[in-house]
Amino acid sequence: MASRVIPVAPFDLVIFGATGDLARRKILPGLFRRFCDGQMPGEARIIGAARSELDADGFRALVRAALREHLPAPRRPARKLAAFLERVSYCQLDARGAKGWKALKGLIREDVVQAFYFSVGPSLFGDLARRLKQHDIAGPEARIVVEKPFGHDLESARALNATLAAHFEERFIYRIDHYLGKETVQNLMALRFGNMLFEPLWNAQYVDHVQITVAESVGVAGRGAYYDRAGAMRDMVQNHLMQLLCLTAMEPPSKFDPDAVRDEKLKVIRALDPVAPGDIVRGQYEGAEGVPSYREDVGNPESTTESFIALRLEISNWRWNGTPFYLRTGKRLRARMSEIVIQFKEPPHSIFDSPPGQGANELSIRLQPDEGMDLKVTIKEPGPGGMRLIDVPLDMTFAEALGAEAAEAPDAYERLIMDVIRGDQTLFMRGDEVEAAWAWTDPVIAGWEARGDRPLPYEPGSTGPEDAAILLHRDARRWRELKA
Ligand code: NAP
């Protein structure tokens, strides 16, 4: 199957924070892959910007080293690399000072798409937005790309949105949630709204419950100071899991258009019920032989921040009334695995002598490690042994079904950056969505703080605290196995 790569319009992309971790690990390798695939037109330019004292050659050396570190050798052919580096330049500047802005203005063209990626801490977003306009660098159609965290709570998210809105219209603000750039997440929309098969069953009448898991096997070392102030609820649930929940639960938008999709997601967040204290399980990983504990990782022996959280949610609307959505996410768990599972109900009456649970179809949508979907269906066991039923998966692992093309699919960052250049905001969070998600999150956090709840310890390499399993056992259900 031939891959269709449509080049984007000529652009100038400025990466503020170009010497930082995110730029080196994700943004620059992603841009290089798009370049190799022929998606970057000849006139496209990338301008790194940061305070580090570098000239263009020094920055090119940094880019070369980043690509070497984060892309396997066959993915960085020398000729392509040399051609890519010709597109790259650098501007030394300070977001908080006057230095460098005039030089940046001299590097930016007015007749191409202008995009400014704020790959810096959120405390600099306001300075960057203001100076871009103040120095007349950003034209009327210029886009800015901002990274999470979008605030720490509703108040700070509102302040951040107001700061950006003072300089850029909402239609030019791209809030990245890389989960939305994943192939499978977009496939969830294709599956639901591009087929007849699932949508009629996608409701409380036929769905028993939904599980959303984002499990990580690593700890928080390296970003301990940030994480200890955030915790799993702020770092993962308020944004990534909430976005997955929205795409799973939303009504069909009238068209595949940024505001139509985001309006429907917003309605889901607004329909979420408050969470009862008994429907929340928070955990914190302990240490083990050779494995530091959470408290050691963050350097805070008294920390009561959660590195794991499981929640039981309900959505108060016609489609989902009474259907629980179970969410869990955590660090240092048994496996790195992210998935959404739609557990359908059993047939209302079994004509076969089958055990309980048989015939309850299960659709799982895997985000990582290997993106794909599978649907558990019940069939007759082949052979002459009578009418015995078995469950088999209808597997649709993309790499197997679609061959090399799927294995080579752009990663989430690449896809999203190209969407920014195209001017397509469908897979980016709108300001009101972010605020609605905080408006739901804040009382949950305030509740456990007021009660003085402490996170439950769990063993590294486990599935989290035992109470997370009990959360489902109580409802006569269980979590899907955590396996890579
Ligand atoms: P980082 O490694 O600390 O890099 C920060 C960058 O900002 C550096 O290039 C630094 O370069 C530059 N910088 C700092 N102060 C500046 C100033 N006053 N003026 C101009 N540039 C300045 O951070 P990061 O991990 O790349 O994260 C960047 C953003 O992405 C943060 O908002 C973070 O929360 C978010 N994010 C990161 C990840 C990730 O995986 N890393 C994931 C999700 C979200 P100089 O010191 O040379 O100025």
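One-based numbering along the sequence shown. Read the numbers this way: they start at 1 and go in the same order the structure lists the ligands and their atoms.
- Residue pairs meeting the salt bridge (Lys or Arg N to Asp or Glu O under 4.0 Å) criterion with at least one member in residues 112-122, sequence neighbours excluded, do not occur.
- A salt bridge links Glu183 with Arg415; the closest basic N to acidic carboxylate O contact falls under 4.0 Å.
- For ligand 1, the 4.0 Å heavy-atom shell takes in Gly17, Ala18, Thr19, Gly20, Asp21, Leu22, Arg25, Ala50, Arg51, Ser52, Leu93, Asp94, Ala95, Ser119, Val120, Gly121, Pro122, Leu124, Glu147, Lys148, Pro149, ordered by chain and residue number.
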Per-pair distances, 0.1 Å, donor-acceptor, side chain in residues 139-150, under 3.5 Å, sequence neighbours excluded:
unit_1, atom_1, unit_2, atom_2, d
Arg143, NE, Glu141, O, 3.4
Arg143, NH1, Val420, O, 2.9
Arg143, NH1, Ile421, O, 2.7
Glu147, OE2, Tyr117, OH, 2.6
Glu147, OE2, Tyr413, OH, 3.3
Lys148, NZ, Asp235, O, 2.8
Lys148, NZ, Asp235, OD1, 3.2
Lys148, NZ, His240, NE2, 3.2

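- Under the rule for a side chain to side chain contact (heavy atoms under 4.5 Å, CB included), the partners of Lys105 that lie at least two apart in sequence or sit in another chain are Glu110, Asp136, Ile137.
- Salt bridge status for Glu155 with Arg158: absent, with no side-chain N to carboxylate O gap under 4.0 Å.
- Side-chain contact between Val220 and Val298 is present, with at least one heavy-atom pair separated by less than 4.5 Å.
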